[in-house]
Amino acid sequence: MSRVYNFSAGPAVMPEEVLQEAAAEMMDYKGSGMSVMEISHRSALFQGIIDEAEKDLRDLMQIPDNYKVLFIQGGGHQQFAMVPMNLFQNKVADYIITGQWAKKAWKEAQMFGEAKAVASSEDKTFSYIPDCSNLDIDENADYVYICLNNTIYGTVFHELPNTKGKPLVADISSCFLSEPLDVSKFGILWGGVQKNVGPAGMAIAIVREDLIREDVLPQTPTMLKYDTYAKSGSLHNTPPVYTIYMCGKVFKWLKKQGGLEVMKKRNEEKAAVLYDFLDSSKLFKGTVEKKDRSLMNVPFVTGDKELDALFIKEATEAGFVNLKGHRSVGGMRASIYNAMPIEGVKKLVEFMKAFEERHPVN
Ligand SMILES: *Cc1c(COP(=O)(O)O)cnc(C)c1O
């Protein structure tokens, strides 16, 4: 078996232990004689899987009792629509535009009401987080929306915006479970799971109960109402059984590692290996403002497109894969999620140093 170091932004690296466990259980889950892919979503076996997954997630994130945990098929883009469809009462919302994912969410919300951009960092290719301490929040805003960690650009909110009392909705797809978060500061936290949790195809939404309503926008489809998932324990129809099972295994793995405080420490150490090198290198440069750097996604460039391409090619051949940056930024991006071991980052930096020696900057 030969594994690579996978720096993909998503679908992304999974913990090897989790993959091995799933492989061992593939043909016969807990003596049932069936794979988890073959069991009924109405079976006691699956009820055990989803109940434990929810319980472990609640433990890890210390989710207060007045928040529901919802497993929703459809991934990230579907949440761009579900948020306004479920929260619009006055049909006004304020969006903070810190990258393409926030922008897409904002555009989607415009289909359903008045979604306004109250801050943006597009003037500098989203390379920083704007000051959000005193924004022009609409008094009728049903919510304020952010993308907490910007997967493409590699920035993160170290400080939450002042929403002036309005519920804060955050897309946490690419920083899900990377460090502790105070859930009580948010109205909704949602994340697509394929970045830092499990296989693609699902989002997990953590929604404060008072924001789960029956009287959502007229003609909202049943499967797009948070209420449907809340009332049925995410079992209104056949859920993504295998994805929920894999996420559950990752939650157990995170608990075994020591929880989110430990992950935060590890992620800080890991990111520092790469950032310290970028700060000392003459060839490679980070692309975002230092104060807003993400622990999860690290974009960098050489400043020369041909050299970037050569680096990506040679890195791939050496077993460091998926380092190509998003097409809107160019260059490289190393996504170093929870499941990326620190050795992977250290070896990448060694490779970068050797590359720099072969291509010295005069
Ligand atoms: C990947 C990503 C999305 C989109 O997720 P899909 O499941 O592909 O729709 C949304 N937001 C963020 C922050 C992401 O990283």
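Atoms within a ligand are numbered from 1 in the order they appear, just like the ligands themselves. As the structure is a prediction and not an experimental result, all values here were calculated from the model. Throughout, residue positions are numbered sequentially from 1 according to the sequence presented.
Ligand 1 has at least one atom lying under 4.0 Å from a heavy atom of Cys147. Taking 4.0 Å as the cut-off, Gln194 counts as a neighbour of ligand 1 on heavy-atom distance. Taking 4.0 Å as the cut-off, Gly192 does not count as a neighbour of ligand 1 on heavy-atom distance.
Using a 4.0 Å cut-off to heavy atoms of Gly75, the atoms of ligand 1 that qualify are 7 (O). Each of the following atoms of ligand 1 lies closer than 4.0 Å to a heavy atom of Phe80: 10 (C). Atoms of ligand 1 found under 4.0 Å from any heavy atom of Thr151 (numbered from 1 in listed order, with element): 12 (C), 13 (C), 14 (C), 15 (O). For ligand 1 and Gly76, the ligand atoms under 4.0 Å from any heavy atom of the residue are 5 (O), 6 (P), 7 (O), 9 (O).
Remark: Leu87 CG to Met82 CE distance equals 10.0 Å, nearest 0.5 Å.
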task: Give the C-alpha distance, both sets of side-chain angles, the deciding distance and a yes or no for ring-ring contact (aromatic ring centres under 6.0 Å, His included) between Phe71 and Tyr229.
output: CA-CA 7 Å; Phe71 298 92; Tyr229 295 82; 9.8 Å; no
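Seen from the ring of Trp101, Lys195 counts as a face-on cation partner, given the 6.0 Å and 45° thresholds. Cation-pi geometry between Lys249 and Phe251 is not met: the NZ or CZ atom fails to fall both under 6.0 Å from the ring centre and inside 45° of the normal.
At the top of the distance list for atom 1 (C) of ligand 1, counting protein heavy atoms only, stands Lys195 NZ, 1.4 Å. The nearest protein atom to atom 11 (N) of ligand 1, hydrogens excluded, is given as Asp171 OD2, 2.6 Å; this is a heavy-atom distance. Nearest non-hydrogen protein atom to atom 9 (O) of ligand 1 is His77 ND1, 2.5 Å.
For the side chain to side chain contact (heavy atoms under 4.5 Å, CB included) criterion with Arg333, the lone passing option out of Val301, Thr151, Val298 is Thr151.
When only modelled atom types and interatomic distance are considered, Glu343 and Tyr5 share no side-chain donor-acceptor pair under 3.5 Å. Side chains of Ser294 and Tyr153: a donor-acceptor N/O pair is absent below 3.5 angstrom, by distance only.
At a threshold of 4.0 Å, the pair Glu350-Lys346 does not count as salt-bridged, since none of the basic side-chain nitrogens sits closer than that to a carboxylate oxygen.
Residue contacts with ligand 1, taken as heavy atom pairs separated by less than 4.0 Å, do not involve Phe176 at all.
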